[in-house]
Amino acid sequence: MKLKYHFASDNTAAIIPEAWDALVSANRGFAAAYGDDEWTEKAANLIRAMFETDCDVYFVFTGTAANSLALAGLCKPQDKIICHKHAHIATSECGAAGFFSGGAGMELLEGELCKIHPHAVEQALDQAFDFHFQMHKTVSITQSTELGTVYTVDEIKAIGKVADENNIHFHMDGARFSNAVASLNVTAKEISWQAGVDVLSFGATKAGLPVGDAIVFFNKTLAAEFGHRCKQAGHVASKMRFLSAPWVGFLENDTWLRHARHANQCAKILGGRLARIDDIELLAPVESNAAFVSFPQAMHQFMRDKGWIYHIVTGDTGARLMCSWDTTEQVIEQFITDLEDARSTV
Ligand SMILES: *Cc1c(COP(=O)(O)O)cnc(C)c1O
């Protein structure tokens with residue numbers, strides 16, 4: 001049986017054609033190594049244009065590297081990071097932020113729909129602590145969140161304000177940043193530096209690149225010596241043009257936005273179709289490119305027997321269904337048809 005990975009993750013999708021074409025164009029002749037080439041300069045300039053500000057840009061191989069190197073740039077070993085308890089940096093990166101920072105810890109907050117509330121951040125900061133404890137140095141949020149929800153402009157600004165008033169840094173894990181921009185219908189700057197974000201891990205792999213995420217420092221003073229940190233961690237590609245060229249295809253003509261809108265729209269359609277099936281419960285509002293749903297165990301077994309692969313992320317029956325730039329309405333219909341069969345069969 002052919003396994004179907006269409007909804008397993010947005011990183012099961014192929015490469016967007018625009019990135020592929022840019023890669024082919026970059027694959028000609030000789031170019032300077034280690035990022036001193038035209039493609040890398042162009043990609044970084046396109047990021048500056050997208051965010052409408054001057055910023056320092058570093059291309060690395062993975063989102064984990066982007067997050068943990070950024071956080072290591074913000075925190076000393078005796079510092080700690082405030083984030084949601086389900087944050088990818090806390091649950092899925094093998095302690096990389098602690099490792100690269102030489103020991104920084106994390107304070108994990110509760111929060112509805114996978115979002116942290118500015119009051120909860122304030123409460124954490126208000127705790128009296130002495131030298132027995134690590135010091136709060138950075139707050140990190142994920143946009144869009146691990147539950148596919150999206151922080152509004154005002155919610156980000158409120159966290160930015162708390163960070164600013166308390167003199168701590170503000171990091172954003174933007175593994176799905178483009179989906180958030182598309183969902184909110186805002187400009188990139190409104191949910192990043194204008195809302196107080198100092199450093200963004202700008203993910204593009206799940207949005208359609210072959211490999212590579214970017215670390216974007218809006219607060220450029222925080223990027224001092226950062227190039228050394230990237231090199232030490234093995235994240236400066238010697239043939240950098242092949243990491244950066246796909247970004248050019250991704251960023252030119254707002255290609256990233258068109259693909260993100262498509263992925264979000266697919267999730268909306270999928271969520272709408274799921275909500276109409278009895279026994280299926282949506283676990284969160286569909287605000288980006290994910291639908292989280294719960295349905296009985298026997299139906300999951302039926303779907304697995306049909307070859308559908310997806311992750312169970314909450315309890316025994318809560319599934320995460322991801323859409324990507326390459327999701328089609330046709331495959332959504334196939335999935336729904338099989339689910340309806342599952343319901344009437346089991
Ligand atoms: C996928 C993802 C990352 C990056 O993961 P890598 O597998 O290291 O590229 C970071 N944050 C979130 C929320 C993610 O979903």
### Query
Going through the distances and angles, do H84 and I141 end up as a side chain to side chain contact (heavy atoms under 4.5 Å, CB included)?
CA-CA 7 Å; H84 194 278; I141 66 171; over 6 Å; no

#### Entry: Derivation and outcome, side chain to side chain donor-acceptor pair (under 3.5 Å), residues N253 and T255
CA-CA 5 Å; N253 308 314; T255 296; 4.9 Å; no

#### Entry: Criterion side chain to side chain contact (heavy atoms under 4.5 Å, CB included) on K231 and Y34, from CA distance to verdict
CA-CA 10 Å; K231 179 62 187 172; Y34 297 107; 3.9 Å; yes

### Query
Should H259 and D254 be marked as a side chain to side chain contact (heavy atoms under 4.5 Å, CB included) after you check the CA-CA gap, both sets of side-chain angles, and the distance that decides it?
CA-CA 9 Å; H259 287 306; D254 287 345; over 6 Å; no

### Task
Check the pair E112, H117 against side chain to side chain contact (heavy atoms under 4.5 Å, CB included), reporting the backbone distance first and the verdict last.
CA-CA 8 Å; E112 295 235 326; H117 198 280; over 6 Å; no

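Listed by chain and number, the residues in a ring-ring contact (aromatic ring centres under 6.0 Å, His included) with F7 are W308, F335 (sequence neighbours excluded).
With a 4.5 Å cut-off on side-chain heavy atoms, T328 and V331 count as touching. Taking the side chain as every heavy atom from C-beta outward, Q143 and L184 approach each other to under 4.5 Å. You'll find the side chain of T142 stays beyond 4.5 Å of the side chain of M172, heavy atoms only. A 4.5 Å side-chain heavy-atom check between V346 and P296 finds every atom pair outside the cut-off. Considering only heavy atoms from C-beta on, T145 stays 4.5 Å or farther from L113 through its side chain. Within the 4.5 Å cutoff, no side-chain heavy atoms of I15 are placed close to those of L209. Between W193 and L200, the closest side-chain pair of non-hydrogen atoms is not below 4.5 Å. Residues F170 and I168 have side chains not in contact (no heavy-atom distance under 4.5 Å, counting atoms from C-beta outward).
A side-chain donor from one of N45 and R48 sits under 3.5 Å from a side-chain acceptor of the other. In the model, N11 has a side-chain atom that pairs as donor or acceptor with a side-chain atom of S9 under 3.5 Å. For the residue pair N67 and S201, a side-chain donor N or O sits within less than 3.5 Å of a side-chain acceptor on the partner. Between D213 and T205, the side chains place a donor N or O and an acceptor N or O closer than 3.5 Å (distance only, hydrogens not considered).
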Using atom types as modelled, flag every donor-acceptor pair under 3.5 Å from a side chain in residues 278-288 to any protein atom, sequence neighbours excluded.
{"residue": "D279", "atom": "OD2", "partner": "R343", "partner atom": "NE", "Å": "3.0"}
{"residue": "E287", "atom": "OE1", "partner": "V150", "partner atom": "N", "Å": "2.8"}
{"residue": "S288", "atom": "OG", "partner": "G148", "partner atom": "O", "Å": "2.9"}

With a 3.5 Å cut-off and sequence neighbours excluded, list the donor-acceptor pairs that the side chains of residues 70-82 form with protein atoms.
{"residue": "D79", "atom": "OD2", "partner": "K76", "partner atom": "N", "Å": "2.7"}
{"residue": "K80", "atom": "NZ", "partner": "E107", "partner atom": "OE1", "Å": "3.0"}

Result block: side-chain N/O donor-acceptor pairs under 3.5 angstrom for residues 50-59, not counting sequence neighbours:
{"residue": "E52", "atom": "OE1", "partner": "K189", "partner atom": "NZ", "Å": "3.1"}
{"residue": "D54", "atom": "OD2", "partner": "K220", "partner atom": "NZ", "Å": "2.9"}

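Residues F177 and I116 share a single hydrophobic cluster, defined by chaining ILVMFWY side chains whose heavy atoms lie under 4.5 Å apart. I309 and L274 are members of different hydrophobic clusters when ILVMFWY side chains are connected at heavy-atom separations under 4.5 Å. Under the 4.5 Å side-chain heavy-atom criterion for grouping Ile, Leu, Val, Met, Phe, Trp and Tyr, V211 is connected to I16 within one hydrophobic cluster. Follow the hydrophobic side-chain contacts under 4.5 Å out from V197 and you never reach V199; the two are in separate clusters. Under the 4.5 Å side-chain heavy-atom criterion for ILVMFWY residues, a single connected hydrophobic cluster contains both V181 and W325.
E190 places a side-chain N or O within donor-acceptor distance of the main-chain N or O of T187, the cut-off being under 3.5 Å. No side-chain donor-acceptor contact under 3.5 Å links T12 to the backbone of A8. A side-chain donor-acceptor contact under 3.5 Å links Q127 to the backbone of A124. Side-chain N or O atoms of D164 include none that pairs as donor or acceptor with a backbone N or O of G160 at under 3.5 Å.
Here the shortest heavy-atom pairing between K4 and K306 reads NZ-O, 2.8 Å. In plain terms, the two heavy atoms of H86 and C114 that are nearest each other are CB-SG, 3.7 Å. E155 and Y151 make their closest contact through OE1-CA, 3.3 Å (heavy atoms, listed as atom of the first residue, atom of the second, distance). Heavy-atom minimum distance, Q134 versus G103: NE2-O, 2.9 Å. For the pair G315 and I312, the tightest heavy-atom approach, listed with the atom from each and the gap, is O-CG2, 3.6 Å. For the pair L23 and F242, the tightest heavy-atom approach, listed with the atom from each and the gap, is CD1-O, 3.5 Å.
Each ring pair (Phe, Tyr, Trp, His ring centres under 6.0 Å) pair with one or both residues in residues 274-296, not counting sequence neighbours, appears once here: F295-H300. Within the structure, every pair that satisfies the salt bridge (charged side-chain N to carboxylate O under 4.0 Å, His left out) test and touches residues 10-26, not counting sequence neighbours, is listed here: D10-R176, E18-R258.
One finds the CG atom of D198 at 5.0 Å from the CG atom of N219 (value rounded to the nearest 0.5 Å). The CG atom of N264 sits 11.0 Å away from atom CD1 of I269, with the distance rounded to the nearest 0.5 Å. Here H262 contributes atom NE2 and S324 contributes atom OG; the two are 7.0 Å apart, rounded to the nearest 0.5 Å. Rounded to the nearest 0.5 angstrom, L257 CG and L251 CG are separated by 11.0 Å. Within the model, atoms CG of D341 and CG of D338 stand 6.0 Å from one another, a figure rounded to the nearest 0.5 Å. The structure places CE of M106 at 10.5 Å from OG1 of T138, a figure rounded to the nearest 0.5 Å.
A salt bridge does not link R241 to E38: none of the charged side-chain nitrogens sits closer than 4.0 Å to a carboxylate oxygen. The pair R229-E225 fails the salt-bridge criterion, with no side-chain N (NZ, NE, NH1 or NH2) lying under 4.0 Å from an Asp/Glu carboxylate O. One finds no salt bridge joining R320 and E146 here, because no Lys/Arg side-chain nitrogen approaches an Asp/Glu carboxylate oxygen to under 4.0 Å.
Proximity of the aromatic rings of H6 and Y310 is defined here by a centroid distance below 6.0 angstrom, and this criterion is not met. A centroid separation of 6.0 Å or more is found between the aromatic rings of F202 and W256.
By the neighbour-count criterion of 12 heavy atoms within 6.0 Å, atom CD of Q301 is densely surrounded, having more than that number from other residues, nucleotides or ligands. In D316, the CG atom is not crowded: 12 or fewer heavy atoms of neighbouring residues, nucleotides or ligands sit closer than 6.0 Å. Within a 6.0 Å sphere centred on CD of E340, heavy atoms belonging to other residues, nucleotides or ligands number more than 12. More than 12 heavy atoms of other shown residues, nucleotides or ligands fall within 6.0 angstrom of atom CD in Q297.
Checked against V139 for a side-chain contact (heavy atoms from CB on, under 4.5 Å), the options L109, V121, L125 give a single hit: V121.
Between F250 and W247, the angle of the ring planes goes over 60°, which puts this pair in the perpendicular group of the 30/60° scheme.
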